[in-house]
Amino acid sequence: MSAIRRIDVTLKDHDYAVHVGSGARLLLPAVLRELGVGRVALVSALPQRELPDPGVPFTVVPVTDGEQHKTLASVETYCRAFVEAGLTRADAVVACGGGTTTDTVGLAAALYHRGIKVVHLPTTLLAQVDASVGGKTAVNLPEGKNLVGAYWQPSAVLCDTDFLDTLPRRELLSGYGEIARCAFIGAGDLRGLDLTDQIVASVTLKASVVARDERDRGPRHILNYGHTLGHAIERATDYAWRHGEAVAVGTVFAGLLAGRLGRIDRNRVAEHREIVESFGLPTWLPSGVPAATLVELMRRDKKGQDTDAGLTFVLDGPRGVELVPGVDERLATSVLADLPTGAAPASD
Ligand code: GLY
């Protein structure tokens with residue numbers, strides 16, 4: 001096992017560590033021992049042979065990653081499996097998979113017996129740099145993404161970078177979408193760093209933001225940089241575009257929009273495209289999706305409902321990154337028209 005890096009997430013009434021590095025999954029028995037856990041349900045998108053021995057009695061609950069499984073029905077299935085496995089509140093759930101799995105299993109853990117410990121073993125880059133850290137859990141409804149959820153912080157997160165060695169190129173690309181947007185929300189330019197350092201930097205940034213605003217009442221909004229359009233693209237393409245790919249386009253759009261609003265200069269606008277492109281990410285909109293559809297989906301984005309102020313975006317500006325409500329729909333439509341269109345990145 002090479003050196004494993006540790007980032008602490010320090011909250012008002014709950015602290016936990018995120019461990020990043022090759023072989024981090026092997027920390028699982030020590031983590032569970034420290035938590036005093038009696039038994040676990042290993043809810044896993046990976047086959048059992050890839051899972052570490054938790055060192056306590058366990059039941060494996062096989063699952064499949066994917067937005068289509070991020071449903072209330074899956075939460076019920078997992079909770080029933082926890083009953084079957086005999087889990088009590090003194091036990092724990094281990095979620096092993098991509099962000100859709102850690103989001104859904106996290107919500108099941110929040111609800112089962114009104115809350116049971118969960119340890120995340122994220123297996124995709126996207127889940128390691130974002131989804132598994134910070135305690136947001138949710139499932140989708142046909143009406144929209146992440147509409148039903150809870151804040152439920154994990155007790156530990158083990159980001160084993162060995163999981164990434166065999167990740168399909170497009171899955172890796174999706175994770176880079178979250179890394180790229182970190183440049184505009186306080187992490188600095190992460191280009192040129194090796195992947196482990198990029199993960200550590202992204203998680204460190206996220207830990208500091210979540211420590212300031214666990215419940216998304218203010219500063220945490222910055223983590224949604226590029227996400228308003230990103231979520232709309234995902235929904236409009238029925239998730240044919242991956243989350244990080246869509247966020248990448250949303251990041252370019254956020255730069256253009258901030259420029260048109262006079263919030264940032266031309267160089268800063270250009271930097272958005274340069275950084276996104278440098279990660280090999282798309283900078284175009286999906287072809288065949290009318291701008292009006294994207295605008296309608298963005299209006300329904302949950303940040304907009306918070307403020308009841310029409311289109312709302314997280315944008316860069318003279319005071320730094322902040323939530324900007326009440327953006328004129330005609331302006332948003334015109335900025336969308338400035339972007340080229342094309343197909344989703346090719347799968348391997
Ligand atoms: N992924 C955004 C957040 O955790 O707040």
Side-chain angles (χ1 to χ4, degrees), residues 7-12 14 16 18 67 70 95 97-107 109-110 118 120 122 124-140 144-154 157 159 174-187 190 198-199 201-235 239 241-251 254 298 301-307 312-316 320-323:
I7 301 123
D8 289 300
V9 183
T10 308
L11 305 171
K12 214 160 59 206
H14 180 79
Y16 59 97
V18 181
E67 288 290 340
K70 208 173 133 171
T100 54
T101 292
T102 57
D103 275 7
T104 312
V105 177
L107 181 57
V118 62
H120 290 314
T124 64
L125 184 56
L126 186 90
Q128 295 194 357
V129 296
D130 187 53
S132 66
V133 179
K136 275 191 183 174
T137 72
V139 294
N140 304 331
K145 198 171 150 74
N146 293 337
L147 289 183
V148 179
Y151 291 94
W152 191 248
Q153 298 290 344
V157 182
C159 298
S174 186
Y176 282 130
E178 294 285 10
I179 292 174
R181 68 88 164 87
C182 286
F184 304 101
I185 57 174
L190 303 182
Q198 289 173 337
I199 298 168
S202 305
V203 171
T204 303
L205 171 71
K206 181 153 190 183
S208 73
V209 173
V210 172
R212 276 187 288 145
D213 179 20
E214 185 184 354
R215 296 286 169 129
D216 217 353
R217 303 233 155 83
R220 189 167 176 162
H221 291 323
I222 69 168
L223 296 174
N224 279 324
Y225 203 74
H227 282 60
T228 309
L229 178 59
H231 287 159
I233 291 174
E234 285 183 271
R235 287 273 293 119
Y239 302 103
W241 280 57
R242 314 298 296 267
H243 178 69
E245 296 165 351
V247 166
V249 185
T251 298
M298 290 195 288
D301 195 75
K302 57 189 182 310
K303 290 184 302 304
Q305 288 158 21
D306 275 353
T307 57
T312 301
F313 296 92
V314 182
L315 297 177
D316 199 1
V321 174
E322 62 189 353
L323 207 56

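Both counts, for ligands and for their atoms, begin at 1 and track the order of listing. Numbers here simply count residues along the sequence, with the first being 1.
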- Using distance alone, determine whether Lys136 and ligand 1 share an N or O pair under 3.5 Å. yes

- Query: Taking the side chain from Asn146 and the backbone from Asn140, do they hold a donor-acceptor pair closer than 3.5 Å?
  - Reply: no

- Query: Can we say Lys145 and Glu234 salt-bridge, meaning some charged N sits less than 4.0 Å from an Asp/Glu carboxylate O?
  - Reply: yes

- Message: Return the closest protein heavy atom for atom 5 (O) of ligand 1 as residue, atom name and distance.
- Response: Arg220 NE, 2.7 Å

- Task: Check each heavy atom of Asp216 against ligand 1 and say whether those closer than 4.0 Å belong to the side chain, the backbone, both or neither.
- Result: neither

- Item | side-chain hydrogen bond (donor to acceptor under 3.5 Å, both in side chains) between His243 and Glu67, intermediate numbers included | CA-CA 10 Å; His243 178 69; Glu67 288 290 340; 5.8 Å; no

- Taking the side chain as every heavy atom from C-beta outward, state whether Leu126 and Arg242 have any pair of such atoms under 4.5 Å apart. no

- ligand 1 contact on Lys206 by region, counting heavy-atom pairs under 4.0 Å: side chain

- Task: Number the atoms of ligand 1 from 1 as they appear, then name those within less than 4.0 Å of a heavy atom of Asp130, with their elements.
- Result: 1 (N)

- For the residue pair His14 and Tyr16, categorise the inter-ring angle as parallel (less than 30°), tilted (30 to 60°) or perpendicular (more than 60°). tilted

